[in-house]
Visitor: 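For reference, the structure I am asking about is given below.
Worth knowing before you read on, the calculation uses all heavy atoms, side chains too, and leaves out hydrogens, waters and symmetry mates.
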Amino acid sequence: MQSSQISQILDHYHENRLSHAFLIETNSQESCLKDLKKLLSELNCDSTYQEECNQCNLCHLIQTESLPSLIIVRPDGLNIRKDQILELKKRFSMKPIYSKFNMYVIMNSEKLNVSSANTILKFLEEPEEGILGFFLTNNKENIIDTIKSRCQIIVNNYSDFEIQQDEAILNETISLIKEIHLSKEKAMLYVKSHIGNFGKDRLSLIFQKMLDIYMYFYELKFNQMSVMYSDLSFLLQKSEELLLFQMNLIQTLEKEINSNVNINLLLDRLVLETR
């Protein structure tokens, strides 16, 4: 569920008073990014938005950061460099094809240096129709005034439980993928001992995250994108056919979770069919 502060952005869109740029102060940028991705899926949906509707590929493209009209900018080392912003401007010189908006999210936006901050100001001083920007930071007071004054400011914090839950799902998913692909002899034991006791809701979240990760690495083979999931970089060596097979397998198994299927048998299929 999105936070109420993020949901307000959707309300403003429906009320035809959507700002072109938002500065979001948050205690968990990754949790906030997850909520923003869901928001952007709703904003760009051509029909009545439903989670997991499977009518188009837009939500997965947004989730895996592979939609051409969505750019996530992360610091390269200590700073966000000017050439990262120039690449953003170059990409946004064209109108979006698959979505209503060109969208960018700048993580740790306090790490914009003087040069990159001056470059991004053009988007803020002369906002073009159809461009949405989000600046995420842990402390809005660290953002330069010229950016801060041109954004709608939102404070969007999460409980410790929400942060820990998001991190736990991601860590469990990464560990599961690594065990299945790298520890083949022990994979079955690991899955049964670590995953087999999870409830259906938690297992469904893990499968959804697995699908996002496999799709991300599939798209990474064809598009230049920011690199995530460094622990899973070995997936880049997998063929397109294998990654497509994995996505289809996960989709099939995820649909069966809410039926009366035996969870241990379902997890056995996950390991065996991957092999």
Side-chain angles (χ1 to χ4, degrees), residues 1-3 6-7 28 30-42 45 47-67 158-183 187-219 228-229 231-232 235 238 242-275:
M1 180 180 295
Q2 290 177 17
S3 68
I6 297 295
S7 297
S28 176
E30 290 302 324
S31 295
C32 189
L33 178 60
K34 184 186 76 170
D35 277 346
L36 279 177
K37 287 177 179 178
K38 181 178 178 183
L39 168 76
L40 296 178
S41 294
E42 294 188 61
C45 186
S47 58
T48 302
Y49 175 80
Q50 299 178 48
E51 288 191 57
E52 304 299 322
C53 68
N54 296 318
Q55 294 301 307
C56 71
N57 203 30
L58 181 66
C59 292
H60 282 306
L61 290 175
I62 290 174
Q63 181 65 33
T64 57
E65 303 180 15
S66 49
L67 182 71
Y158 297 85
S159 69
D160 290 342
F161 173 77
E162 290 173 307
I163 296 171
Q164 291 168 4
Q165 186 180 50
D166 287 343
E167 292 176 349
I169 293 295
L170 177 59
N171 291 335
E172 288 160 358
T173 305
I174 290 175
S175 295
L176 178 57
I177 293 174
K178 289 170 67 176
E179 290 292 331
I180 290 174
H181 287 276
L182 302 180
S183 303
M188 195 77 76
L189 178 61
Y190 174 88
V191 168
K192 288 187 175 181
S193 61
H194 288 76
I195 309 296
N197 294 324
F198 288 168
K200 292 183 177 181
D201 288 345
R202 190 173 189 85
L203 185 58
S204 180
L205 290 173
I206 290 175
F207 274 24
Q208 290 169 26
K209 180 57 70 174
M210 286 183 77
L211 181 61
D212 291 337
I213 288 173
Y214 282 123
M215 180 170 285
Y216 166 79
F217 279 99
Y218 179 80
E219 293 289 340
M228 303 187 295
Y229 314 120
D231 287 354
L232 300 177
L235 290 176
K238 305 296 183 182
L242 177 62
L243 294 174
L244 282 171
F245 172 82
Q246 289 297 126
M247 287 187 276
N248 289 328
L249 174 61
I250 294 299
Q251 285 179 314
T252 298
L253 297 180
E254 203 272 331
K255 290 177 182 177
E256 295 180 7
I257 289 176
N258 293 318
S259 67
N260 292 324
V261 67
N262 182 289
I263 294 299
N264 283 322
L265 292 178
L266 184 143
L267 292 172
D268 285 348
R269 284 184 60 193
L270 173 64
V271 177
L272 293 173
E273 295 190 29
T274 295
R275 292 177 180 175

Visitor: Could you check whether any side-chain heavy atom of Y190 comes within less than 4.5 Å of a side-chain heavy atom of I180, counting everything from C-beta outward?
Guide: no
Visitor: Measuring from L39:CG to L33:CG, what's the distance to the nearest 0.5 Å?
Guide: 11.5 Å
Visitor: Could you check whether any side-chain heavy atom of F217 comes within less than 4.5 Å of a side-chain heavy atom of K238, counting everything from C-beta outward?
Guide: no
Visitor: Taking atom CZ of F207 and atom CD1 of I250, what is their separation to the nearest 0.5 Å?
Guide: 5.0 Å
Visitor: Would Q246 and H181 count as a side-chain contact (heavy atoms from CB on, under 4.5 Å) if you check the C-alpha gap in whole Å, the side-chain angles of each, and the deciding distance to 0.1 Å?
Guide: CA-CA 11 Å; Q246 289 297 126; H181 287 276; 4.2 Å; yes
Visitor: Applying side-chain contact (heavy atoms from CB on, under 4.5 Å), run through I263 and F198 and close with a yes or a no.
Guide: CA-CA 9 Å; I263 294 299; F198 288 168; over 6 Å; no
Visitor: Any side-chain heavy-atom pair from E65 and E219 closer than 4.5 angstrom?
Guide: no
Visitor: How many angstroms lie between atom CG of L61 and atom CG of D212, to the nearest 0.5 angstrom?
Guide: 10.5 Å
Visitor: Once rounded to the nearest 0.5 Å, what's the spacing between atom CE of M188 and atom CG of N264?
Guide: 10.5 Å
Visitor: So M215 and Q63, do their side chains get closer than 4.5 Å, heavy atoms only?
Guide: no
Visitor: If we only count heavy atoms from C-beta on, is the L270 to L176 side-chain gap below 4.5 Å?
Guide: yes
Visitor: Please say which of L182, I213, T173 ends up in a side-chain contact (heavy atoms from CB on, under 4.5 Å) with L232.
Guide: I213
Visitor: Where is the tightest heavy-atom contact between L58 and C45, given as atom of each residue plus distance?
Guide: CD2-N, 4.4 Å
Visitor: Where does the angle between the aromatic ring planes of Y229 and Y216 fall among parallel (under 30°), tilted (30 to 60°) and perpendicular (over 60°)?
Guide: perpendicular
Visitor: Do Q208 and S204 have side-chain N/O donor and acceptor atoms under 3.5 Å apart?
Guide: yes
Visitor: Counting C-beta onward and ignoring hydrogens, is there a side-chain heavy-atom pair between L211 and E254 closer than 4.5 Å?
Guide: no
Visitor: Is there a side-chain contact (heavy atoms from CB on, under 4.5 Å) between D166 and E30 once you walk through the steps?
Guide: CA-CA 8 Å; D166 287 343; E30 290 302 324; over 6 Å; no
Visitor: Is it true that Y158 and D35 share a donor-acceptor pair across their side chains at a distance under 3.5 Å?
Guide: yes
Visitor: Can you find a heavy atom in the side chain of I6 that is under 4.5 Å from one in the side chain of C32?
Guide: yes
Visitor: Hey, could you give me each pair passing salt bridge (charged side-chain N to carboxylate O under 4.0 Å, His left out) that has a residue in residues 199-211? Not counting sequence neighbours.
Guide: E172-R202
Visitor: Do L253 and E273 have side-chain heavy atoms sitting under 4.5 Å apart?
Guide: no
Visitor: Any chance you could measure I257, atom CD1, to T252, atom OG1, to the nearest 0.5 Å?
Guide: 11.5 Å
Visitor: From S31 OG over to Q165 CD, what is the distance, rounded to the nearest 0.5 angstrom?
Guide: 9.5 Å
